[in-house]
Amino acid sequence: MGPPSALARFSCHSFLHEAEDDEPTSFWVIPEQLASVENNLSIANLGFIDYVENADADGVFRGLPSQPSERTLTIEELLAAAPASQLPEPILTSFIGDLEGARGQETTTATYVVDLRTSADYLEANSEGYGLSNVVGLEETIARTRQGGSALLFSFPVRGDYWSAWIDPDSLVPFALLGVSRRATDR
């Protein structure tokens with residue numbers, strides 16, 4: 001692919017970080033990606049290094065690789081990754097126990113969430129809907145998703161109840177869990 005006719009250059013000059021001789025300190029951007037780069041750097045949704053790592057061999061950023069909208073995960077790989085989570089032990093233990101009970105399901109489909117703040121907005125706007133349920137992890141999930149970033153999101157049923165899990169797309173380690181169960185009087 002030939003060089004585009006117009007490019008913008010982004011440079012990183014940090015007084016706190018001495019760049020190694022072989023470490024890139026700038027990258028070029030095609031015009032179609034300029035607004036996205038500026039916006040994401042301004043709000044710290046992505047860092048300078050994210051763009052450098054996704055630039056082509058000529059140092060030109062042409063866009064982030066597209067993510068599939070869904071991914072099939074096995075229950076076994078989710079169970080293997082879950083213990084590495086830094087979530088509070090009672091929530092994580094309950095999640096793992098219920099996930100072990102879902103082994104007969106074998107796989108689940110996760111949706112790629114590009115910006116976690118959309119999850120936080122949804123949960124905040126619909127939190128009153130959980131009024132007739134026992135909810136585990138709502139505040140923690142809103143706080144974590146409010147930080148932004150991307151994730152895989154999946155849900156699985158547990159005896160009429162359900163879990164929703166936001167996991168790292170690479171390691172599959174959960175970093176936000178929401179467990180919802182109906183109160184015993186509502187069943």
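Sequence positions, counted from 1, serve as the residue numbers for this chain.
- Note on V173: it does not cluster hydrophobically with F154, by side-chain heavy-atom contacts below 4.5 Å among ILVMFWY residues.
- Under the 3.5 Å distance criterion, the side-chain polar atoms of R71 are matched with a main-chain donor or acceptor of P169.
- At least one donor-acceptor pair closer than 3.5 Å links the side chain of S85 to the backbone N or O of P174.
- Between L78 atom CG and I167 atom CD1 the span is 5.0 Å, to the nearest 0.5 Å.
- The shortest heavy-atom contact between S155 and T108 is O-OG1, 3.7 Å.
- Between L87 and F95, every side-chain heavy-atom pair lies at or beyond the 4.5 Å cut-off.
- Between F61 and F27, the two ring planes are perpendicular [angle over 60°; tilted spans 30° to 60°].
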Given the rule in the side-chain hydrogen bond (donor to acceptor under 3.5 Å, both in side chains) test, do S119 and W166 qualify, once you have shown the distances and angles that lead to the verdict?
CA-CA 10 Å; S119 293; W166 289 260; 3.1 Å; yes
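- Looking only at distances, a side-chain donor or acceptor of E77 sits under 3.5 Å from a matching main-chain atom of T74.
- Hydrophobic clustering places I75 together with W163 (ILVMFWY residues linked when any side-chain heavy atoms are closer than 4.5 Å, directly or through intermediates).
- If you take CD on E140 and OG1 on T145, they are separated by 11.0 Å, rounding to the nearest 0.5 Å.
- Note on L177: it clusters hydrophobically with V136, by side-chain heavy-atom contacts below 4.5 Å among ILVMFWY residues.
- Taken from CG in N126 to CG in D121, the straight-line distance is 10.5 Å, to the nearest 0.5 Å.
- Atom CZ of residue F175 and atom CG of residue D168 lie 7.0 Å apart, to the nearest 0.5 angstrom.
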Take Q147 and L116, measure what side chain to side chain contact (heavy atoms under 4.5 Å, CB included) needs, and give me the verdict at the end.
CA-CA 7 Å; Q147 295 173 15; L116 287 170; over 6 Å; no
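- No side-chain donor-acceptor contact under 3.5 Å links S36 to the backbone of Q33.
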